[in-house]
Structures are given as C-alpha cells and as structure tokens.
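There's a structure below that I have some questions on.
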Amino acid sequence: MTRGEPSKTASHAKNEGCLTLSELVDRAPEMTGAERQAILEILDKISEGARDVARRLAMGPLHGLTGSSGHLNVQGEEVQAFDEIAQDTFSGLLGASGRVAVLVSEEREHPETFPCPGPSFYVAMDPLDGSSNLAVSGPVGSIFAIFRGAGESLRDPAKAVLDSASDVVCAVYVLYSVATLLVIAFRNEVRMYALDPVAEGFAPLPGKVRFPDGGGQIVSINSANYTRWDAGVRRYVDALHSRSSWSGRYVGALVMDFHRNLLKGGVFLYPGDLPKDGKGHPEGKLRLLFEAIPMAFIARAAGGLATNGKTPILDIPATHIHQRVALVVGSRERVLEYCHLAGAPEPV
Ligand code: AHM
Ligand code: MG
C-alpha cells in the first residue's frame, strides 16, 4: 500500500463517494499543510498496525493466543496476550513515525515520549478494546484520539496530554470482526474503510457515516449491574421495559456496540455503579482519554451526542491519564431521551 493511499482493489472504491485517506485529510478543517502531512502519516501508521493486528488476531486460536498474559494492568485488570501484542504493534509504529511526541495507553501506567522534529501530536489509545471477547473469538477493537501537541518542551508529558485533551483533531477506531473496519472522524465528517485481506490494504467505503434519521431504537447496557445504578439510570431502563419499540444489544466490546449503534441507530451506556462485593465502578468503568473522548468525538461528527450524565464528555476536564467516566453515547435522539427520562442535563 502506498503511504496514505488505501488499496483501491475493492469494487466500492470506484464509487465517487469514496475518499482516500489523503483526500479525507485534505478536507479536514483547521490544519496547516504540515499538520495535514503529519496526521496523514499517523493515520497511515494506524492503518498499518490495524492490518497487522487483524492478521495476527485471525491466527490467534491456532497459536493459543486467546487468553490471559498472566499479568494485571495498571488498573488491576487481567491483561490478555493480545493486549500486549496490540500495544507493542501500535506503540512501535507510532513511536517511530516522528509525528507523535507523546503516547498514552490504557495498557501503560506512564506516557511514552518520542523525538518529533516537525508539528507533533499526542495520541491516546486503547490498543485492544474488549479483549476478553477473544476467548470466544468475539469482536474486539482499537481506539485512538489524536490531540494537537502544544509544541512546548515535554518536562511533564502527562500534563501536556491532559492540557491538550480538549483539542481533539481526529479520532479513530478499528473494528476487528467478520470484516476489519477503520472508522476515522474529523470534526466535519466520519468515513469508513474496509480491510481487503487479499490486497492487504484498507479500501474506502462510500459516503459519510451518520447516525440514521430518527436516531434508532437500540440500547446497549450491561443490565447485570441494574441494582447498583443510581435511581435515574434505573428509571430510564424501567421506562424502556414498558415499551415495545426498542431492542437491547450488548456485545461487551465498546467498539462493536458503538459501531452497531452508529450504523443502525441507538445508544450505548456504561453508567457508574455502586461497589458491591469489592467490585464496582462508581465513576464509571470506561476511560476518559482512551475510550470516552474518542467515541464522543466520533459521535458528534456523525450527528450524535455523549455525556457522563452531568457534563458533555468533550467538556470534561482531563485530570488523570487513567481517569474513568460514566458514558452515554449515541444518536442525538436517544441520548436526549436518556437525559429526559433519567433527569440528567442535556449535553448541548
Ligand atoms: P477493556 O478496554 O479493558 O477491554 O474494557 C472495556 C470494555 C468495553 O469494551 C466494554 O464496553 C466494557 O468493558 C464491558 O464491560 P462489562 O463486561 O463490565 O459489561
Ligand atoms: Mg477498552
């Protein structure tokens, strides 16, 4: 694959509504020429890593790589073998790009810093989201937020990333499922690319990605936590149960659940839950930098909304790299409905 130019072998690539990566970056708002080149190179590295991770995931069961690595991560969660493989793959590629000055990851306690001669960016990533699904060959993902670097000396890289977290330039997720999809958002549009495993490149799919008209009817939430939610969330779920016009769908991999709701219409929720038997996530389970901010940015670019139930996700101050938040993200209609029924302020 030529740098920044996804494979065009798939038939849909001939459609006029398709954009190569470089065409997409050229249309993105508010960037200098040098920044566009840097972003294109970062996206190129993410594509290369996604292609590699997809190939290795497909071989995972044959190599016995579907279980735990035997370690716990910084947050005390079991690290799967593929969490480490994806971490090393993306960290290696992004670090060597000369375009990423700081990389923070769900899998690393501290930021990594890299030499960066020109315009630089900071990247936050969840290298393998939903990795517990690998035990059953279920879908998983990778998530990236790209922030504009402040261009200062990096005496405190963690602070530099936190200070830049409100300045998202681009957000990306990769879905590894029956197909491998790359979904890229700038402020003005969301585009989708599919991996052609024969040509070994990503080919563009036609058209902008938007939540469907009407906002859809799908609700994705882990209902096993019902008794540990606050009254507003329980009221919302109770109200859904008295209706016929909704469907519950939950895979347990944010990328998959979000992606379905983006294409079909719906909302994903992971609210805070009160601790019980030593388990629980009172602030929410998902991470602000690695999961909530990139998905909120993509949702907004696709016409949707995201909130923690009090504040729009993209307005929450980032105070800690591994900060957790409650997350309600999806179509505008479904998120506003949640706010109405749960008694939460509207995130607009
Ligand atoms: P991970 O990034 O460590 O895999 O954890 C995040 C995952 C999300 O993908 C998913 O939405 C959520 O955790 C599922 O959690 P639960 O099993 O508690 O429903
Ligand atoms: Mg995750």
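Quick caveat: nothing in here was measured; it's all calculated off a predicted structure. In listed order, ligands and their atoms are each counted from 1. Sequence positions, counted from 1, serve as the residue numbers for this chain.
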Taking side-chain hydrogen bond (donor to acceptor under 3.5 Å, both in side chains) as the criterion, tell me which of Glu112, His110, Gln87 meets it with Ser105. Gln87
For the residue pair Tyr250 and Phe268, categorise the inter-ring angle as parallel (less than 30°), tilted (30 to 60°) or perpendicular (more than 60°). parallel
State the atoms of ligand 1, each with its element, that fall below the 4.0 Å cut-off from a heavy-atom position in Arg287.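 Every atom of ligand 1 under 4.0 Å from some heavy atom of Arg287: 1 (P), 2 (O), 3 (O), 5 (O), 6 (C).
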Side chain, backbone, both or neither: which part of Asp126 comes within less than 4.0 Å of ligand 1 when only heavy atoms are counted?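 Contact part for Asp126 vs ligand 1: side chain (C-beta onward).
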Heavy atom under 4.0 Å from ligand 1: found in Val255's side chain, backbone, both, or neither? neither
Which atoms from ligand 1 have a heavy atom of Glu106 less than 4.0 Å away?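 In order of numbering, the contacting atoms are 1 (P), 2 (O), 3 (O).
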Show which atoms of ligand 1 fall inside a sub-4.0 Å distance from at least one heavy-atom site of Ser131.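 What qualifies from ligand 1 is 4 (O).
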Under 4.0 Å to a heavy atom of Glu291 - the qualifying atoms of ligand 1, by number: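 Counting atoms of ligand 1 from 1, those under 4.0 Å from Glu291 are 2 (O), 6 (C).
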Just let me know how Tyr250 lines up against ligand 1, side chain, backbone, both or neither, with a heavy-atom cut-off below 4.0 Å.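 Contact part for Tyr250 vs ligand 1: side chain (C-beta onward).
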Out of all atoms in ligand 1, which are within 4.0 Å of some heavy atom of Phe268? Include the element for each.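 So the atoms of ligand 1 that pass are 11 (O).
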Look up atom OG in Ser220 and atom CZ in Arg260, then write down how far apart they are to the nearest 0.5 Å.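 If we round to the nearest 0.5 Å, Ser220:OG and Arg260:CZ are 4.5 Å apart.
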Atom CG of Asn188 and atom NZ of Lys208: how far apart are they, to the nearest 0.5 Å? 6.0 Å
Atoms of ligand 1 less than 4.0 Å from Ala253 heavy atoms? 9 (O)
Spell out, as yes or no, whether a donor-acceptor pair under 3.5 Å connects the side chain of Glu48 to the backbone of Lys45. no
I'd like to know if Arg55 and Asp52 make a salt bridge, using a cut-off of under 4.0 Å between side-chain N and carboxylate O. yes
With a heavy-atom distance limit of 4.0 Å, tell me whether His281 approaches ligand 1 through its side chain, its backbone, both, or neither.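 Neither part.
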Once you round to the nearest 0.5 Å, how far does CD1 of Ile85 lie from CG of Leu57?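 These two atoms lie 8.0 Å from each other.
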Does the separation of the ring centres of Phe290 and His322 fall below 6.0 angstrom?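 Yes, they do, as the ring centres are separated by less than 6.0 Å.
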4.0 Å heavy-atom contact, Leu286 with ligand 1: yes
Atoms in ligand 1 with a heavy atom of Asn222 nearer than 4.0 Å: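 Taking each heavy atom of Asn222 in turn, ligand 1 has 16 (P), 18 (O), 19 (O) under 4.0 Å.
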Which of the atoms of ligand 1 are close to Gly252, meaning less than 4.0 Å from one of its heavy atoms? 9 (O), 10 (C), 14 (C)
Just checking Arg235: does its CZ atom have more than 12 heavy atoms from other residues, nucleotides or ligands closer to it than 6.0 angstrom? yes
Side chain, backbone, both or neither: which part of Leu254 comes within less than 4.0 Å of ligand 1 when only heavy atoms are counted? both
